[in-house]
Structure formats: structure tokens, C-alpha cells
Amino acid sequence: MTETPGIVVTGASGRMGQMLARTVMESERAHLVGAVEREGHDWIGRDLGEAMGGTACGITVTDDPLEAFAKAQGILDFSAPEASAEFAGIAAQARAVHVIGTTGLGPDHLDRIAAAARHAVIVQAGNMSLGLNLLTKVTQMVAAALDDEYDIEIVEAHHNRKVDAPSGTALMLGEAAAAGRGVQLDDVADRGRDGMTGPRRRGDIGFAALRGGDIVGEHDVIFAGAGERLMLRHVASDRGLFARGALKAVLWGQDKKPGAYDMHDVLGLG
Ligand SMILES: NC(=O)C1=CN([C@@H]2O[C@H](COP(=O)(O)OP(=O)(O)OC[C@H]3O[C@@H](n4cnc5c(N)ncnc54)[C@H](OP(=O)(O)O)[C@@H]3O)[C@@H](O)[C@H]2O)C=CC1
Ligand SMILES: O=C(O)C1=N[C@H](C(=O)O)C[C@H](O)C1
């Protein structure tokens with residue numbers, strides 16, 4: 001029997017970290033070999049299964065990514081921007097496939113991740129679900145078909161613990177809409193309105209973010225024209241959706257050449 005890839009989960013105590021750890025532990029196609037949390041976290045040194053409120057699983061949570069990644073073939077990383085940029089370099093040294101779901105990444109983080117992708121496989125996406133990645137394709141198609149008489153607005157809603165806005169998914173949808181229109185998102189993005197904003201600029205792509213309760217993730221792309229509105233919507237109701245997508249990505253990446261990939265590559269969406 002062939003050995004399945006050994007996986008390390010970072011941000012292991014987080015909402016996604018725990019979901020990812022459970023998903024890997026339940027999978028027959030991969031096995032968990034490590035769990036990383038930040039230095040000083042009270043889970044360090046504890047058994048992951050017990051820390052998650054269940055039975056012992058034999059994985060001790062560590063704050064040493066270097067040691068943990070060295071024995072892994074894949075890293076599932078939904079943590080924080082600075083951590084993900086650092087993990088990219090360490091995962092590349094270990095030649096492990098690094099799946100990055102972390103959002104809120106700035107230009108410096110993205111540059112460091114791109115540098116690491118010269119040496120190892122990195123799959124990065126602000127949303128790991130099939131439905132949402134398909135919706136980016138539809139968004140691009142609709143944006144290409146309609147001219148700028150149709151105003152594009154992207155509305156996202158998330159739980160009250162989310163720290164970045166607009167969401168990574170909203171930005172993916174914005175990029176898709178901008179690509180459909182043949183423009184750069186940075187040139188047309190309107191990322192927040194307050195006060196005397198003046199009338200809407202023709203061709204802008206607007207973003208609005210709602211935060212509340214336990215909303216997992218909801219995204220609307222609205223094309224508002226004269227006398228009609230076209231609305232595309234994705235609703236995630238279970239974080240397991242993202243974890244299953246991430247697991248799919250890390251398995252897909254095992255036999256790929258070093259490089260930067262996204263979920264369109266993994267899901268064969270072109
Ligand atoms: N691409 C996708 O499909 C999805 C992406 N996400 C993204 O994933 C990220 C995590 O989301 P979520 O799980 O809800 O957030 P959480 O805050 O629940 O989890 C993040 C975890 O990462 C830990 N962490 C922070 N810094 C480090 C570090 N240096 N080393 C190790 N661990 C670290 C945090 O620890 P501490 O709390 O102690 O700081 C925390 O446990 C976000 O960016 C979110 O937007 C979420 C869902 C889907
Ligand atoms: O923080 C979250 O929870 C989520 N983050 C991702 C994003 O920023 O788009 C994906 C999903 O919507 C949940």
C-alpha cells in the first residue's frame with residue numbers, strides 16, 4: 001500500500017485550523033503529521049485532539065514550523081498574512097506543497113509568496129470552494145457581455161470575528177469583473193463610501209462589507225442597469241466546504257512542478 005501524504009495544519013486552534021485538522025484526520029487520502037500555532041499560544045505542547053475537545057490524536061501542537069514542515073508533504077495554511085508569507089519560505093525549503101487560504105495579504109506578502117513559488121508548489125486562493133470559483137468565471141463572462149451602463153457592486157457578509165475587508169473572495173470576484181471589462185481592478189475599485197462621496201463614477205467596481213454573528217461567507221455580484229438588475233450569489237453555509245477544497249488542492253499539488261497555482265488550476269476551470 002502507498003503511504004498517503006503527511007499534512008501539517010497551521011493556525012491549528014483557529015476556526016479553519018480545527019476544521020482542516022478534522023478533515024485531514026477523517027481522510028483516507030492524507031494523514032496529519034503536525035499542527036502549528038503561534039509562539040506563546042496556550043495550545044503549544046498540548047495534544048491537538050484533546051485541545052480541540054476530543055480524544056488524544058498523538059499530534060503535539062508546536063510553535064516550530066521548521067521542524068514540523070520538515071516531515072510533511074503538504075501544508076494547509078489558513079492563518080494570518082505575516083505568518084503565511086513566512087511559512088511560504090519554510091515550506092519551500094521542505095519542498096512541501098503549500099496551500100494558502102489566508103486573506104488580507106499585502107503586496108510584500110504576495111512578493112515573498114511568489115519568491116517561494118520558484119522552488120515549490122504553492123496553491124493560493126481567497127476561496128477554496130468549487131461553486132465560488134465557478135462564479136468567478138460567470139462574473140467575468142457577464143462583465144464582458146455588459147458595458148459600463150451596468151454598475152458593478154460586490155457585497156460580502158461574514159461573521160463578527162473576521163479581521164479583513166473586503167474579503168479575499170470579494171476581491172477575487174472584483175478581479176474577475178475587471179478582467180471581463182478589460183480594466184485593472186486597482187484603477188476602478190471603490191472600497192468604501194462614507195459622507196459626501198459625490199455621484200458614482202462610471203465604470204467603478206464598488207465593494208461593501210457586512211459583519212455579524214456567525215455568517216460563514218456570502219457574496220453577491222450585482223450588475224445594476226437602467227430598469228433591471230442582474231444578481232449573482234454564492235452562500236457558504238459550512239466551513240467544511242473550504243477545508244475539503246484545501247485538501248483537494250494539497251493532493252492535486254503533489255505531482256506538480258514548482259510554481260504559483262490557484263483553485264482554477266486544481267478544479268480544471270482553466
Ligand atoms: N481561502 C478560503 O477558502 C478561506 C479563507 N479563510 C481565511 O483564513 C484565515 C483564517 O481564518 P479563521 O480560521 O476564521 O481565523 P482564526 O483567527 O480563527 O484562525 C487563525 C489562526 O491562525 C493563528 N496564527 C496567527 N499567527 C500565527 C503564526 N505566526 N503561527 C501560527 N499560527 C498563527 C491564530 O492564532 P491567534 O488567534 O492566537 O493569533 C489563529 O489560531 C483568514 O485570513 C480567513 O479570511 C477562511 C475561510 C476560508
Ligand atoms: O474569514 C472567513 O471566514 C472567510 N474568508 C475568506 C474570504 O476572505 O473571502 C473566504 C470565506 O468567505 C470565509
Side-chain angles (χ1 to χ4, degrees), residues 8-23 34-44 46 48 51-52 61-69 75-91 98-106 109 122-133 135-136 154-175 207 209-221 233-250 262-264 266-267:
V8 169
V9 170
T10 67
S13 79
R15 280 171 290 276
M16 278 306 299
Q18 294 191 49
M19 185 60 82
L20 290 160
R22 286 199 182 90
T23 302
V36 174
E37 253 303 339
R38 66 171 170 74
E39 209 181 321
H41 195 280
D42 58 10
W43 282 25
I44 304 298
R46 292 184 64 193
L48 176 68
M52 290 197 299
V61 182
T62 178
D63 59 5
D64 185 350
L66 204 62
E67 187 215 345
F69 291 8
I75 316 298
L76 298 182
D77 174 20
F78 290 57
S79 56
E82 185 52 35
S84 289
E86 187 197 332
F87 293 155
I90 303 172
H98 187 194
V99 175
I100 304 175
T102 308
T103 57
L105 299 162
H109 306 124
I122 298 185
V123 182
Q124 191 234 321
N127 194 302
M128 301 277 168
S129 85
L130 170 61
L132 191 288
N133 281 276
L135 191 67
T136 63
I154 298 174
V155 184
E156 53 105 334
H158 283 88
H159 54 92
N160 57 21
R161 312 305 297 167
K162 185 160 178 64
V163 296
D164 56 308
S167 68
T169 309
L171 292 170
M172 282 169 69
L173 291 164
E175 292 285 359
F207 291 87
L210 284 61
R211 296 287 176 265
D214 60 359
I215 303 170
V216 173
E218 302 183 2
H219 293 86
D220 288 297
V221 186
R233 158 163 270 229
H234 182 265
V235 177
S237 50
D238 170 12
R239 278 189 186 85
L241 173 75
F242 309 128
R244 290 191 294 277
L247 178 59
K248 188 178 278 218
V250 84
D262 62 19
M263 285 305 282
H264 287 203
V266 174
L267 298 168

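One-based numbering, in listed order, for ligands and for the atoms of each. Throughout, numbering of the chain's residues begins at 1 and tracks the sequence.
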Engineer: Got the closest protein heavy atom to atom 4 (C) of ligand 1, with its distance?
Structural biologist: Phe78 CE2, 3.4 Å
Engineer: Any heavy-atom pair between the side chains of Phe242 and Leu20 that's under 4.5 Å?
Structural biologist: no
Engineer: Specify the protein heavy atom at minimum distance from atom 3 (O) of ligand 1: its residue, its atom name, and the distance to 0.1 Å.
Structural biologist: Met128 N, 3.0 Å
Engineer: Strictly under 4.0 Å, does any heavy atom of Gly168 approach an atom of ligand 1?
Structural biologist: no
Engineer: Below 3.5 angstrom, do we get any N/O pair linking Val36 and ligand 1?
Structural biologist: no
Engineer: Please determine whether side chain to side chain contact (heavy atoms under 4.5 Å, CB included) holds for the pair Val155 and Phe207, giving the CA-CA distance in whole Å, both sets of side-chain angles, and the decisive distance to 0.1 Å.
Structural biologist: CA-CA 6 Å; Val155 184; Phe207 291 87; over 6 Å; no
Engineer: Any chance you could lay out the ring pair (Phe, Tyr, Trp, His ring centres under 6.0 Å) test for Phe87 and Phe69, step after step, and finish with the verdict?
Structural biologist: CA-CA 9 Å; Phe87 293 155; Phe69 291 8; 5.6 Å; yes
Engineer: For Glu156 and His158, does a side-chain donor sit closer than 3.5 Å to a side-chain acceptor?
Structural biologist: yes
Engineer: Using a strict cut-off of less than 4.0 Å between a Lys/Arg side-chain nitrogen and an Asp/Glu carboxylate oxygen, indicate whether Arg46 and Glu37 qualify as a salt bridge.
Structural biologist: no
Engineer: So with a 6.0 Å cut-off around NZ of Lys162, is the heavy-atom count from everything else above 12?
Structural biologist: yes
Engineer: Nearest protein heavy-atom contact for atom 9 (C) of ligand 1: which residue, which atom, what distance?
Structural biologist: Ser79 O, 3.7 Å
Engineer: For atom 42 (C) of ligand 1, which candidate among Thr103, Thr62, Val163 provides the closest heavy atom?
Structural biologist: Thr103
Engineer: Of all the non-hydrogen atoms in the protein, which one sits nearest to atom 16 (P) of ligand 1, and at what distance?
Structural biologist: Arg15 NH2, 3.6 Å
Engineer: Among all protein heavy atoms in this structure, tell me which lies nearest to atom 22 (O) of ligand 1, with the distance rounded to 0.1 Å.
Structural biologist: Gly11 CA, 3.3 Å
Engineer: Which part of Phe87 is near ligand 1, with near meaning a heavy atom under 4.0 Å away: side chain, backbone, both or neither?
Structural biologist: side chain
Engineer: Of all heavy-atom pairs between Met172 and Gly126, which one has the smallest distance, and what is that distance?
Structural biologist: SD-N, 3.5 Å
Engineer: Any idea which atoms of ligand 1 are less than 4.0 Å away from a heavy-atom of Ala83?
Structural biologist: 27 (C), 28 (C), 29 (N)
Engineer: Show the nearest heavy-atom pair for residues Arg233 and Leu135, with the distance to one decimal.
Structural biologist: C-CD2, 4.2 Å
Engineer: Which ligand 1 atoms, with their elements, are less than 4.0 angstrom from a heavy-atom of His41?
Structural biologist: 38 (O)
Engineer: Of the options Ile100, Thr10, Ile122, Val9, which is the one that meets Ile75 in a side-chain contact (heavy atoms from CB on, under 4.5 Å)?
Structural biologist: Thr10
Engineer: Can you check whether Val123's main-chain N or O pairs, donor with acceptor, with Asp262's side chain at less than 3.5 Å?
Structural biologist: no
Engineer: Consider every N or O of Arg239 and every N or O of ligand 1, then say whether any pair is closer than 3.5 Å.
Structural biologist: no
Engineer: Do Thr23 side-chain atoms and Arg244 backbone N/O form a donor-acceptor pair below 3.5 Å?
Structural biologist: no
Engineer: In terms of residue, atom name and distance, what is the protein heavy atom nearest to atom 37 (O) of ligand 1?
Structural biologist: Arg38 NE, 4.6 Å
Engineer: Can you report which non-hydrogen protein atom sits closest to atom 46 (C) of ligand 1, along with the distance?
Structural biologist: Met16 CG, 3.6 Å
Engineer: For Arg15, give me all partners under side chain to side chain donor-acceptor pair (under 3.5 Å), at least two apart in sequence or on another chain.
Structural biologist: none
Engineer: Under 4.0 Å, heavy atoms only, figure out whether ligand 1 is touched by the backbone of Pro81, its side chain, both or neither.
Structural biologist: neither
Engineer: Using a threshold of 4.0 angstrom between heavy atoms of the protein and any atom of ligand 2, which residues qualify?
Structural biologist: Thr103, Gly126, His158, His159, Lys162, Ser167, Gly168, Thr169, Val216, His219, Phe242
Engineer: Can you give me the closest heavy-atom contact between Ile215 and Ala157, atom names plus distance?
Structural biologist: CG2-O, 3.5 Å
Engineer: Without hydrogens or angle criteria, can the side chains of His98 and Ser84 be said to hold a donor-acceptor pair below 3.5 Å?
Structural biologist: no
Engineer: Looking only at non-hydrogen atoms, which of His159, Glu37, Lys162 approaches atom 33 (C) of ligand 1 most closely?
Structural biologist: Glu37
Engineer: Please check if the number of heavy atoms outside Asp214 that lie under 6.0 Å from its CG is greater than 12.
Structural biologist: no
Engineer: Can you tell me if Ala125 contacts ligand 1 (heavy atom of the residue under 4.0 Å from the ligand)?
Structural biologist: yes
Engineer: Give the contacting part of Arg161 toward ligand 1: side chain, backbone, both or neither, where contact means a heavy-atom distance below 4.0 Å.
Structural biologist: neither
Engineer: Among all protein non-hydrogen atoms, which one is nearest to atom 5 (C) of ligand 1, and what is the separation to 0.1 Å?
Structural biologist: Gly101 O, 3.0 Å
Engineer: Is Thr102 near ligand 1, meaning one of its heavy atoms is under 4.0 Å from it?
Structural biologist: yes
Engineer: Would you mind reporting whether Gln124 and Leu105 have side-chain heavy atoms less than 4.5 Å apart?
Structural biologist: yes
